[in-house]
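Inspection log for the structure reproduced underneath, given as structure tokens.
Computed from a predicted model, the values in this text were never measured in an experiment.
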Amino acid sequence: MAATQLTASPVTVSARSLASLEGLRASSAKFSSFGTLKPGTLRQSHFHPLVVRAASVVAPKHTSIKPLGDRVLVKIKEAEEKTMGGILLPSTAQSKPQEGEVVAVGEGRTIGKNKIDITVPTGAQIIYSKYAGTEVEFNDVKHLILKEDDIVGLLETDDIKDLKPLNDRVFIKVAEAEEKTAGGLLLTETTKEKPSIGTVIAVGPGSLDEEGKLQPLPISTGSTVLYSKYAGNDFKGKDGSNYIALRASDVMAILS
């Protein structure tokens, strides 16, 4: 049996053979390959469908959105198109926004016999969990419908370091990663271990018990804490410092 010779030259494939790629014009397309591509070897099964989750579009005939229960409607802030240094970011490099303005709130919820109103007012600038809520497009503007509990905190300035956490969340300034090993070896950026220690700079009012009564958090500002490594939402401050907002239950210990 003869051996197949592999080459690194580009292979030209007629776009007519790529029937599974919708919208591709009938011109030739070049693919880098390490083998000779024979006619008829490209099949539809070779191409996996690309799934894109788009926002639900609200038809123009609807003039308002009223969230129900403990949900809020948030107008999403547009993604930053430039870095802090003024470098233009391509759309693929722009981070998903986690900031927005509350434009409508629900009537609240009931816990036990107590009616719990939503504490976040309309007009408030908030930070929310990265993967929370349902995105909707209303009046050509992207919005998010999410539960009040998915709101991480209130942003009273344009700097994340001033975040005011809500509910049972704590806001922590992350300790800097160790520059050297115990033996004195200098660590590169890629080998530095992600810190899971930091200083608490703000705490939320607490969580609600089964009767709807507020229970203060057992953590105070200024405490140095050890927290779960993969919990919470990470942020970068304007001063270059790293911050993380997480639930009090993700704090494992107080260090002294």
Query - Chi angles and distances behind the side-chain contact (heavy atoms from CB on, under 4.5 Å) call for Tyr128, Ile76 - result: CA-CA 10 Å; Tyr128 50 84; Ile76 300 175; 3.6 Å; yes
Query raised in the report: Under a single-linkage definition using a 4.5 Å side-chain heavy-atom cutoff for Ile, Leu, Val, Met, Phe, Trp and Tyr, are Ile160 and Val120 assigned to the same hydrophobic cluster?
Result: no
Which atom pairs, donor and acceptor, lie under 3.5 Å between side-chain atoms of residues 162-169 and protein residues at least two apart or in another chain?
unit_1, atom_1, unit_2, atom_2, d
Asp162, OD2, Thr157, OG1, 2.6
Asp168, OD1, Arg247, NH1, 2.8
Arg169, NH1, Asp149, O, 2.9
Arg169, NH1, Ile151, O, 3.2
Arg169, NH2, Asp149, O, 3.0

Report task. Apply side-chain hydrogen bond (donor to acceptor under 3.5 Å, both in side chains) to Ser249 and list each qualifying residue two or more places apart in sequence or on a separate chain. Result -> none
**Report entry** From Lys142 atom NZ to Leu144 atom CG, the distance as rounded to the nearest 0.5 Å
**Finding:** 11.0 Å
Review item, side-chain donor-acceptor pairs of residues 108-115, under 3.5 Å, at least two apart:
unit_1, atom_1, unit_2, atom_2, d
Asn114, ND2, Glu211, O, 2.3
Lys115, NZ, Glu107, O, 2.3
Lys115, NZ, Asp117, OD1, 3.3

Query - Members sharing Val57's hydrophobic cluster (side chains within less than 4.5 Å) - result: none
Report summary line: Quick note, ring-ring contact (aromatic ring centres under 6.0 Å, His included) partners involving residues 235-256, not counting sequence neighbours, are Phe171-Tyr243
Query raised in the report: Do Ile127 and Val103 share a hydrophobic cluster, counting only Ile, Leu, Val, Met, Phe, Trp and Tyr and linking them when any side-chain heavy atoms are less than 4.5 Å apart?
Result: no
Query raised in the report: Will you find, in the side chains of Glu148 and Thr119, an N or O donor that is under 3.5 Å from an N or O acceptor?
Result: yes
Report task. Could you tell me whether the side chain of Glu101 and the main chain of Lys77 form a donor-acceptor pair under 3.5 Å? Result -> no
**Report entry** Exercise: identify the closest heavy-atom pair between His143 and Lys75
**Finding:** CD2-CA, 3.7 Å
Query raised in the report: salt bridge (Lys or Arg N to Asp or Glu O under 4.0 Å) with Lys161: which residues, sequence neighbours excluded?
Result: none
Query raised in the report: OH/Tyr131 to CG/Asn233 distance, rounded to the nearest 0.5 angstrom?
Result: 9.0 Å
Query raised in the report: Given Ile126 and Leu155, is the side-chain contact (heavy atoms from CB on, under 4.5 Å) satisfied, shown in steps?
Result: CA-CA 5 Å; Ile126 64 166; Leu155 195 57; over 6 Å; no
**Report entry** All pairs passing side-chain hydrogen bond (donor to acceptor under 3.5 Å, both in side chains) where residues 59-68 contributes a residue, at least two apart
**Finding:** none
Report task. Check whether Phe138 and Val141 end up in the same hydrophobic cluster, where Ile, Leu, Val, Met, Phe, Trp and Tyr are linked by side-chain heavy atoms less than 4.5 Å apart. Result -> no
Query raised in the report: For Ser129, what residues pass the side-chain hydrogen bond (donor to acceptor under 3.5 Å, both in side chains) criterion, not counting sequence neighbours?
Result: none
Query raised in the report: So among Asn242, Ile219, Asp250, Ile244, which one has a side-chain contact (heavy atoms from CB on, under 4.5 Å) with Ile172?
Result: Ile244
Requested in this report: Apply side-chain contact (heavy atoms from CB on, under 4.5 Å) to the pair Ser256 and Thr224, showing each step before the final yes or no.
Outcome: CA-CA 7 Å; Ser256 59; Thr224 301; over 6 Å; no
Query raised in the report: Are Val102 and Leu146 connected, step by step, through hydrophobic side chains (Ile, Leu, Val, Met, Phe, Trp, Tyr) whose heavy atoms are closer than 4.5 Å?
Result: yes
Requested in this report: Go through the structure and list residues passing salt bridge (Lys or Arg N to Asp or Glu O under 4.0 Å) with Asp158, not counting sequence neighbours.
Outcome: Lys238
Requested in this report: State which residues pass side-chain hydrogen bond (donor to acceptor under 3.5 Å, both in side chains) with Asp70; sequence neighbours excluded, sorted by chain then number.
Outcome: none
Query raised in the report: Under a single-linkage definition using a 4.5 Å side-chain heavy-atom cutoff for Ile, Leu, Val, Met, Phe, Trp and Tyr, are Ile197 and Met252 assigned to the same hydrophobic cluster?
Result: yes
Query raised in the report: Per the side-chain contact (heavy atoms from CB on, under 4.5 Å) rule, which among Leu246, Thr221, Val225 passes with Val170?
Result: Leu246
Query raised in the report: Considering residues at least two apart in sequence or located in another chain, which fulfil the side-chain hydrogen bond (donor to acceptor under 3.5 Å, both in side chains) criterion with Ser220?
Result: Ser223
Query - Residues in side chain to side chain contact (heavy atoms under 4.5 Å, CB included) contact with Leu214, at least two apart in sequence or another chain - result: Pro205, Leu208
Report task. First locate atom CD1 of Ile145, then atom CZ of Arg71, and finally report the distance between them rounded to the nearest 0.5 Å. Result -> 8.5 Å
